[in-house]
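Okay, structure first, notes after.
Please read all numbers here as calculations on a predicted model, not as lab measurements. Convention: sequence-line order gives letters A, B, ...; per-chain numbering from 1.
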Amino acid sequence: MPIKTEPFAINFGPFHPSTHGVFRMRTTLDGEVIIDLEPVFGYLHRGIEKLAEGRTYTQNIPFTDRLDYLASMSNNLAYVLAVEKLAGVPVPERAEYLRVIMAELQRIASHLIAVGSLLNDCGAFMTPILYMIREREKILDLFEMVSGQRLTYNYMRIGGVSQDIPDEFLPALEKFVERMPSYIDEYDRLLAENEILLARLKGVGILSKGQAINISASGPVLRGSGVEWDIRKVDPYSVYDRFEFDIPTGTLGDSYDRYRVRIEEMRQSLRIIEQAMKQLPSGAVKTDVPWLMLPPRGEAYAHIESPKGELGFYIVSDNSAKPYRFHIRAPSLINLTALRDMSVGWKIADLIAIFGSIDICMGEVDR
Amino acid sequence: MSLLDTSPINWATTGTLSPDWPGGYWLHWVVFTIIILVFVLAMVMGFIYIERRFVARIQSRLGPNRAGLFGLLQPVFDAIKVLVKEDIVPAGGDKLVHWWAPVVAFVPALMIFVVIPFQDGALLADLNIGILYVVAVGSVGMVGVFMAGWGSNNKYSVIGAMRAVAQIITYEIPLGLAIISVVLLSGSLSLNEIVNSQNIPFILLQPLGFLIYFVSACAELNRTPFDLLEADSEIVAGYHIEYSGMKFAIFYLAEYIEALAVSAIITALFLSGWRGPLLPPWLWFLIKVVVVFMFIVWVRGTIPRLRVDHAMALSWKFLLPVALLNLFITSIEVILWPLVLPWPIILLNLAIMVVLILLWSRFFKLGGGRVEV
Amino acid sequence: MTIALSGRKIAGKLQEQFPGSIVQSDESSLLVKSEHLLAIATFLKTTPGFDFDYLTSVTAVDYRDYFELVYHLISIEHNHSLVLKVRCHDRENPTVPSVVGVWRGADFQEREIYDLMGIKFEGHPNLKRIVLWEGFQGHPLRKEYKGIYK
C-alpha cells in the first residue's frame, strides 16, 4: 500500500547559509524530494541600470565593480570594452595585455571561490574553501599591488587601465604562476577521488546540451554540458586571439562536469597568463580620452567571457555625457533559469549542490 | 598524583564493586557521580578546544588563540556568551516539548558514563549488561532530538528530526552487530570485563568490527560525514534551529558528551581501555579517548557530507551484510580455535577485512537517485 | 570571430517568407513588426543556414516615443550573430509577444523588462515582477520615472 503523503512548501532563503547571498528558492517538497521550485530574487536590487543613466561614462566604472563582486576586474573589462566600441577609442598594446592578465587572474580567483563554496555546500566542513581562499588571497595581493584595492578594483579605464603595474608585480606574478599548478593538483588530489563527493556530484543535476543552449546558459554551465563555446575563442576580444589555450568541456552536463570545467579553466588561465607575461610589451597603458566623454549617437554591445559566463554590456548613447541606456547581460541571472530543470526530482542536498555548481553571485543577479 | 588516586576511597585496587566496599554503596555512588560530572564537563571543554584548534590546523588557520594561554579559555568564554543569550521559544511551537527536549537529549548522554571504566573497577556501576545498557541508553537521546525538531514548529527542524530518527534506526543495527562480535571474543557484556579480557587490543582481532563500529558511531554522533540532521548547508541547523541560549548550549554539550562517550566506548571495546605499559591506567584511558576523538575530528575536517539516501544505503547495503559476515566469521573462529595463539588469527582477520571490503565495494556503489515526479 | 550578419540581407530573405513584416533594416540590425516577431523568431531558430538557437540577451530601451526591444541572437553552430529589434509605440499598455516558447533563456529577462520597463509579454508563462516587490508603483527604467528622491 503506498503511503499517503502530502507535499509541503519550504523556503530556502533569503537568509540561508548556502544561497550565496540573499536568494530564495521556493520549493515544494515531497519528503526530501523536490517536486517544484521557483527562484525568487531581487533582495539585492540596487537599480544600477537606472543609476548609471545619471552618471558619466567614467563614473560608471565603479558601479560595475559592484555587480559580480567576486570578479570585479572582468566586469570592468566588459564595460570599458562596450564604451570603447561605442566611442571608437583605441587601446594601447600594453594595456590590452594587462587587461588579459587581470581578467585571467580574476577568473582563477572567482573559480576558486566557486569550487570552494560548492564543496562547502556538499558538506565538507570549511576545509576546501579555506584552502582555496588561501590561494585567492595571493591573487588579491597582486590586485592590491596594481589597484590598491582588494575587492572592488576600479582598475580598467576607458582607453586602457588606470595605472601601470609596479615593478614588484611581475616577479610576484611569476612566482604565483609557478606555484599555482601544484595547488590546483592538490585540490584535485583532495577531491577528485573522494567517493562521497563523486556520489554527490556525478550524474546529479544533468543539463543536456540542447537545454543548455535553449536557456541561454553560458560559461562553465554551458561548457559543462558539452558545448564548446567560449567567447574568448569564438569572438576574441582584447588580445585573446594571440594566446594558445583550450576550452575544457564536460560530457554529461552534471554538477561534476561543471566542477571539472572550472578546475581545468584555472589551468588554462594560468597558461594564458604565462604567455601574456612573456609577450607583455612596454609603452603607454592608457589612451588620452576627454575628461568628459561624448560618444556619438548609437549603441554598442560588448561581451566577454567572465568567470560566471557571458557578461555583456549594451549601451545606448545619445551623444551626451551620460549613457542613455545601460543594460547588463548578467550571466548569473540567466544561468539560474536552468535551476528548476536541473533540480526537480533530486533531494534537498542535491538542490544545494546543483545550485552551488551553477555558481551565481547575487550582486549580478539582482544588479 | 591524580584526582582519582587521592580520593579517600582506595577503590583503584579493589576491583569491581563488592558489598564490603569501604564507605558503603551510597558514598561510592555520590563520589562517582561527582567524579563523572566533573570529568565529563572538563573533558567536554577540552574537546571543544581540541576540536577547534585541530580543525583549524587541518584548515591551515590558527583557531582560537586569544582567550587565555593558547586560547585555552575559549570554551569558558563560549559558555558565558551562550549563557547570557536570550532564550527564545517560537510562538507557534509546542512549549512543553520544546522545553523538555534538551533535557531528554542531555540526560541519556550523561547516563552512558555510568558503565564506563576509567580504570580497573573504577566505574559507577559495573553492570553485567554494561554494553547493552550503553546501546539502549545511547539511543534515547534521539527522542530528545525528535522532540526538539517537532516542538520548534519549523520545517527545517522537522526534516532534521526525521533524518535523525531514520539514521539512528539504520545505524543501530551494524553498531550492535559489531559490538556482539567483540562480546563473543571477551565472553562478557560488562565493559570492565571486556577491557580485562583484552590482552591484545580487540582492534587487532576485530579490525573489521572496529571499522563498522567507528562508522556507525560517527553516524550515531551525527558528525560529518553523517551530520545529516544538522546539515548546515541544507537545513541550516536541523533540529536545534529554533534554540538559543542555555537550551542550545545543552544540545551542544550533549553532542560533545556523546562524542566523549563514543570515544570512551571505542577505547574500552577495541583499544584495551585503561591498559597499557608504564603510564598510570587513568592516563592511558585519557590518552586513548583523546586520540579517538581527534580521529573523529580529522574525519570531520576532511570528508564531505553524505546524502540522506546514500547514508541509508551505506548502512543497509554495505555495513549490515559485512557486519553479519564478520559476526559469522568471528563465531566460527571462537568455536574452532578458542586457544590458538592470537597472531595467526590477527593476520587472518586483517586479510578477511581487506577481502570483504574490496569484494563488497564492487557490489555497492553510491550515487544516482533521481526520482521521477 | 563571430560574424555579425547584415540585417539587410536577412531582411531580403524574410521578406519572401513574411511579406510586410520588416519595418527597417540596416547593416547591424533588423527591425520587425511585433505581430510577426514570434513567427520570425521561430523561422530564424529553425531554418537551416540561420540556426539562431542561442538568445544572448533581451533588453528594452525607452526612446520616449516608443519602446525598442533588442534581441541579440547567436548561432552556436555557424558562429554568426544578428540583432533583432521590435518597437512598441503604445506607452500606456505596451505589449509584445513573448519569445519564451522559442528561447527559454528569455524567461527571466522578459520578466525583468516587464518589471523595470513595464512592457507586457503576451504568452509569458509567469509574468510578474522579478526584482521589485509586488505592489511597487511605476516602472523605474522608463525615462519619465522620477525616483523617490526627486
Side-chain angles (χ1 to χ4, degrees), chain A residues 7-13 15-19 27-36 117-131 133-134 190-191 194-206 254 256 342-353 355-356, chain B residues 51-52 54-63 154-160 162-163 166 223-238 241 296-314 318 361 364-373:
Chain A
F8 64 102
I10 189 165
N11 278 312
F12 287 95
F15 306 108
H16 186 281
S18 301
T19 51
T27 52
T28 310
L29 298 175
D30 180 12
E32 290 258 345
V33 180
I34 289 146
I35 56 177
D36 196 14
S117 51
L118 165 66
L119 298 168
N120 218 23
D121 292 349
C122 286
F125 175 66
M126 293 307 278
T127 310
I129 194 168
L130 280 167
Y131 274 49
I133 281 176
R134 184 185 65 191
L190 194 67
L191 304 160
N194 188 324
E195 195 69 33
I196 297 177
L197 195 73
L198 293 186
R200 289 288 306 276
L201 296 182
K202 268 207 165 159
V204 173
I206 294 175
D254 53 5
Y256 185 71
M342 290 200 274
S343 50
V344 164
W346 293 102
K347 305 210 162 42
I348 298 173
D350 296 323
L351 167 67
I352 303 296
F355 179 67
Chain B
E51 166 143 34
R52 293 184 67 168
F54 188 50
V55 162
R57 289 307 303 157
I58 290 174
Q59 298 172 343
S60 71
R61 57 190 174 89
L62 288 173
N154 185 313
K155 285 170 187 168
Y156 288 124
S157 67
V158 173
I159 293 174
M162 289 293 182
R163 285 177 175 189
R223 293 184 78 88
T224 325
F226 303 99
D227 59 341
L228 300 165
L229 71 169
E230 49 193 82
D232 60 335
S233 62
E234 295 156 27
I235 48 174
V236 192
I241 187 168
I296 295 175
V297 172
W298 183 19
V299 170
R300 182 184 183 205
T302 319
I303 298 181
R305 185 184 307 120
L306 279 166
R307 207 171 71 192
V308 60
D309 56 331
H310 292 172
M312 302 293 131
L314 180 70
F318 187 90
S361 35
F364 174 71
K365 199 99 194 118
L366 289 175
R370 185 175 188 273
V371 180
E372 282 303 326
V373 289

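For Asp254(A), no part lies near chain B; criterion is any non-hydrogen pair under 4.5 Å. Interface remark: Asp30(A) contributes no atoms to any contact with chain B (heavy atom separation under 4.5 Å). For a residue to count as touching a neighbouring chain, one of its non-hydrogen atoms must lie under 4.5 Å from one of that chain's; by this rule Ile129(A) does not touch chain B. Interface residue Val236(B): backbone and side-chain heavy atoms are both found under 4.5 Å from chain A. For Val33(A), the part sitting under 4.5 Å from any heavy atom of chain B is the side chain, from C-beta outward, and nothing else.
Pairing each heavy atom of Tyr156(B) with each of Phe12(A), the nearest pair is OH-CA, 3.4 Å. Residue Thr302(B) comes nearest to Asn194(A) through the heavy atom pair O-ND2, 4.5 Å, listed as atom of the first residue, atom of the second, then distance. Between Ala349(A) and Arg307(B), the closest heavy-atom pair is CB-CG, 3.6 Å.
Using a 4.5 Å heavy-atom cutoff, the side chains of Ile159(B) and Phe8(A) are in contact. Here the side chains of Pro304(B) and Arg200(A) are not in contact, with every heavy-atom distance at 4.5 Å or above. Between Arg61(B) and Ile133(A), every side-chain heavy-atom pair lies at or beyond the 4.5 Å cut-off. Counting heavy atoms from C-beta on, the side chains of Glu32(A) and Met162(B) never come closer than 4.5 Å.
When atom types are taken as modelled, the side chain of Lys155(B) and the backbone of Ala9(A) share a donor-acceptor pair closer than 3.5 angstrom. A donor-acceptor contact shorter than 3.5 Å links the side chain of Thr127(A) to the backbone of Gly301(B).
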Just do the side chain to side chain contact (heavy atoms under 4.5 Å, CB included) check on Ile352(A) and Arg305(B) with the steps written out, would you? CA-CA 12 Å; Ile352(A) 303 296; Arg305(B) 185 184 307 120; over 6 Å; no
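Atom-to-atom distance recorded for Glu195(A):CD and Ile303(B):CD1 is 11.0 Å, nearest 0.5 angstrom. Distance check, rounded to the nearest 0.5 Å: CZ of Arg134(A) to CD of Gln59(B) gives 11.5 Å.
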